[in-house]
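Throughout, numbering of the chain's residues begins at 1 and tracks the sequence. Predicted, not measured: the structure shown is a model, and the values here were computed from it. All values below were derived from every heavy atom in this structure, side-chain atoms included, with hydrogens, water molecules and symmetry-related copies excluded.
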Amino acid sequence: MEFDLAIRGGTVVTTTQSFVGDIGIRQGRIAALGDALGPATRDMDAKGRLVLPGGVDSHCHVEQESSMGVMCADDFYSGTVSAAFGGTTTIIPFAAQHRGQSLREVVKTYHARAEPKAVIDYAFHLIVSDPTEQVLGQELPALIRDGYTSFKVYMTYDKLKLSDAQMLDVLALARREGALVMVHAENHDMIQWLAKRLLEQGHGAPKFHAVSHARLAEKEATYRAAALAELVDVPLLIVHVSAGEAIEVIREAQGRGLRLYGETCPQYLFLTADDIDKPGLEGAKFCCSPPPRDAAAQEAVWQALKDGVFQVYSSDHAPYRFDETGKLPKGAKTTFKEMANGVPGLELRLPLLFSEGVGKKRLTLSQFVALTAENHARMYGLYPRKGTIAVGSDADLAIWDPEREVTVAASMLHDKVGYTPYEGVHLKGWPMTVISRGRVVIEDGTLHAERGSGQFLPCAKPETAKPLGRTVPELALTQRVIGQPLF
Ligand code: URP
Ligand code: ZN
Ligand code: ZN
């Protein structure tokens, strides 16, 4: 037989083309694209269906301990199964350093967690919370060379946040080594100052989470992070952007030609602060950082997706149960400061954007593919192996029924969270069959992949991390005077 699997007669869509035809798959890779391809061991009829690249979710927290020591609800089995049911075939979760830990040891731990369980392919970003001399001088450069070419830093959370000086150290290292830095940009002191006053006055309900995580805190930190990156001339990705204020900062920097990238997530398109203002502690189910804002912010986020301010749309899946193991560590007495931050989204990320973006004509199918798959692979050094449908690429595909209508219920999802912030939402369009490296992993609502069949993906140094070669005027002058670069 010419092919192991042939997908026939579907509408194949990438960021650059859309055609009705066949995909021939051999040994896990796409071997041919065209019309009436030769015989295959298995034929799959995709007439009337869309054949899209499998999603790449480049921001999700799986089997990760939070800085408060709380373990996520999803391990690498439930997390990857849930992702696969939602049409995602690659995830890039975090190997998270907590202070005092060796990054190399952290990476070993996450491999031990993922290897026996993942059902789809995965890479890792690092979280750097303790940039010691050893970490900056030895561990990070070696890890970057080994395929961990992106890392997240935090400007808030007591046990994660870096000072501006530490951020500069990390950014300068990323520049030297060709890695991409992602930043959680919120002003820590603004949040703490507001939260302290709210709690002192007895306002501990979930809705005050959104009040303390003010938009100005996000805007200020976004501007500061961008300025730090501009000073050392290195690209930077602002993750989980929630509202127009931060978007304008990114748009302005992009307008000046800087490589400042943006990411947003479903919660900023489909939830608002009103969801957090539910009776009792119910609103905790919607608490994440930054928090969902309002209808105007949602509109600004849609606009930024449409006009290219955002390159990537990720889930920021941060799965915590609505009980004492996650959202409610102190039961009914839990305040907004004590509940685990984050919302689930691995499984619904794509169906939500497909239905509300493509279905409502806010986005084209090509934009959908770029925002959910190809741009992620490009951003993190996995392209063209992942994120596209091309001869030689891994056969990672999602076959969508664009007419399929689904009313979301937590009971139909495969994560371990037990609730969904999108309960009752009506969606049109669903990934019916999901293929990872030529293996049919989801078909007819059933999982067909073995535990541990997912593979680790070392990432190349991404093109996106390349500096522009611009020096801010003061440094250019200084360097001329002292006759050498300052860093
Ligand atoms: O609330 C969120 N986003 N929790 C997950 C951790 C993070 O900051 O990404
Ligand atoms: Zn974050
Ligand atoms: Zn996150």
Side-chain angles (χ1 to χ4, degrees), residues 5 7 12-17 23-31 33 50-60 62 76 79-95 114-115 118-125 146-150 179-180 182 237 261 263 311-315 317 346 349-350 353 365-400 431 433-442 449 453-465:
L5 172 65
I7 299 164
V12 179
V13 183
T14 69
T15 57
T16 53
Q17 60 175 346
I23 301 177
I25 296 165
R26 203 167 40 236
Q27 293 181 344
R29 296 211 172 161
I30 296 172
L33 296 169
L50 296 170
V51 186
L52 308 183
V56 180
D57 193 339
S58 61
H59 186 157
C60 50
V62 179
F76 277 89
T80 55
V81 168
S82 178
F85 270 102
T88 288
T89 49
T90 299
I91 60 167
I92 316 183
F94 297 89
E115 207 181 288
V119 303
I120 56 171
D121 295 351
Y122 55 95
F124 286 115
H125 310 290
D146 290 349
Y148 310 88
T149 58
S150 47
L180 184 69
M182 313 154 74
L237 170 65
Y261 306 116
E263 174 202 74
Q311 291 69 42
V312 280
Y313 162 82
S314 312
S315 67
H317 181 79
L346 263 175
R349 174 182 74 116
L350 301 182
L353 194 74
L365 262 176
S366 289
Q367 284 175 313
F368 177 84
V369 169
L371 288 163
T372 59
E374 183 173 317
N375 290 357
H376 299 253
R378 287 185 184 275
M379 186 73 79
Y380 298 111
L382 291 173
Y383 185 85
R385 176 168 177 194
K386 300 294 186 187
T388 192
I389 300 176
V391 172
S393 295
D394 281 358
D396 287 6
L397 304 164
I399 304 179
W400 288 68
T433 304
V434 180
I435 295 168
S436 157
R437 275 182 288 105
R439 305 168 300 137
V440 178
V441 293
I442 306 291
S453 57
Q455 287 182 358
F456 169 64
L457 305 162
C459 295
K461 291 182 183 180
E463 286 292 312
T464 47

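Here the OG atom belonging to S314 is positioned 4.5 Å from the NE2 atom belonging to H376, to the nearest 0.5 angstrom. Taking CD1 from I23 and CD1 from I435, the interatomic distance works out to 8.0 Å, rounded to the nearest 0.5 Å. The distance from the CD1 atom of I442 to the OG atom of S436 is 10.0 Å, given to the nearest 0.5 Å. Remark: I7 CD1 to I399 CD1 distance equals 4.0 Å, nearest 0.5 Å.
The only option from R385, R437, K386 that meets the salt bridge (charged side-chain N to carboxylate O under 4.0 Å, His left out) definition with D396 turns out to be K386.
Residues that satisfy the side chain to side chain donor-acceptor pair (under 3.5 Å) test with T149, not counting sequence neighbours, are absent from this structure. Under the side chain to side chain contact (heavy atoms under 4.5 Å, CB included) criterion, A390 pairs with T388, S393, not counting sequence neighbours. Partners of E463 under the salt bridge (charged side-chain N to carboxylate O under 4.0 Å, His left out) rule, at least two apart in sequence or in another chain, are K466. Residues satisfying the side chain to side chain contact (heavy atoms under 4.5 Å, CB included) criterion with E115, sequence neighbours excluded, are Y122. Every residue two or more places apart in sequence or in another chain that forms a side chain to side chain donor-acceptor pair (under 3.5 Å) with T16 is listed here: T14. Judged as a salt bridge (charged side-chain N to carboxylate O under 4.0 Å, His left out), and not counting sequence neighbours, the contacts of R378 are E374. Every side chain to side chain contact (heavy atoms under 4.5 Å, CB included) that Q311 has, sequence neighbours left out, goes to Q254, Y261, N375, M379. Qualifying salt bridge (charged side-chain N to carboxylate O under 4.0 Å, His left out) partners for R439, counting only residues two or more places apart in sequence or in other chains: none. In this structure F94 satisfies the ring-ring contact (aromatic ring centres under 6.0 Å, His included) test together with H59, H61, H125, sequence neighbours excluded.
Minimum heavy-atom separation, A449 to V119: CB-CB, 3.9 Å. Heavy atoms only, all atoms of each residue included: P462 and L180 are closest at CG-CB, 4.3 Å. Between G438 and L5, the shortest heavy-atom contact is O-CD2, 4.0 Å. A123 and P93 get closest at one heavy-atom pair: O-CD, 3.1 Å. Considering every non-hydrogen atom in both P53 and V13, the closest pair reads CD-O, 3.3 Å. Across all their heavy atoms, F124 and A114 have their closest contact at CZ-CB, 4.0 Å.
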**Report entry** Pair L52-F368, side chain to side chain contact (heavy atoms under 4.5 Å, CB included): steps then yes or no
**Finding:** CA-CA 10 Å; L52 308 183; F368 177 84; 3.7 Å; yes
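Ion pairing between a basic and an acidic side chain is recognised when a charged N comes within 4.0 Å of a carboxylate O; R29 and D394 show such pairing.
Formation of a donor-acceptor pair under 3.5 Å by the D57 side chain with backbone atoms of S315 is found in this model.
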Show me the side-chain donor-acceptor pairs of residues 83-91 shorter than 3.5 Å, one per line, residues at least two apart or across chains.
residue: T88; atom: OG1; partner: R349; partner atom: NH2; Å: 3.3

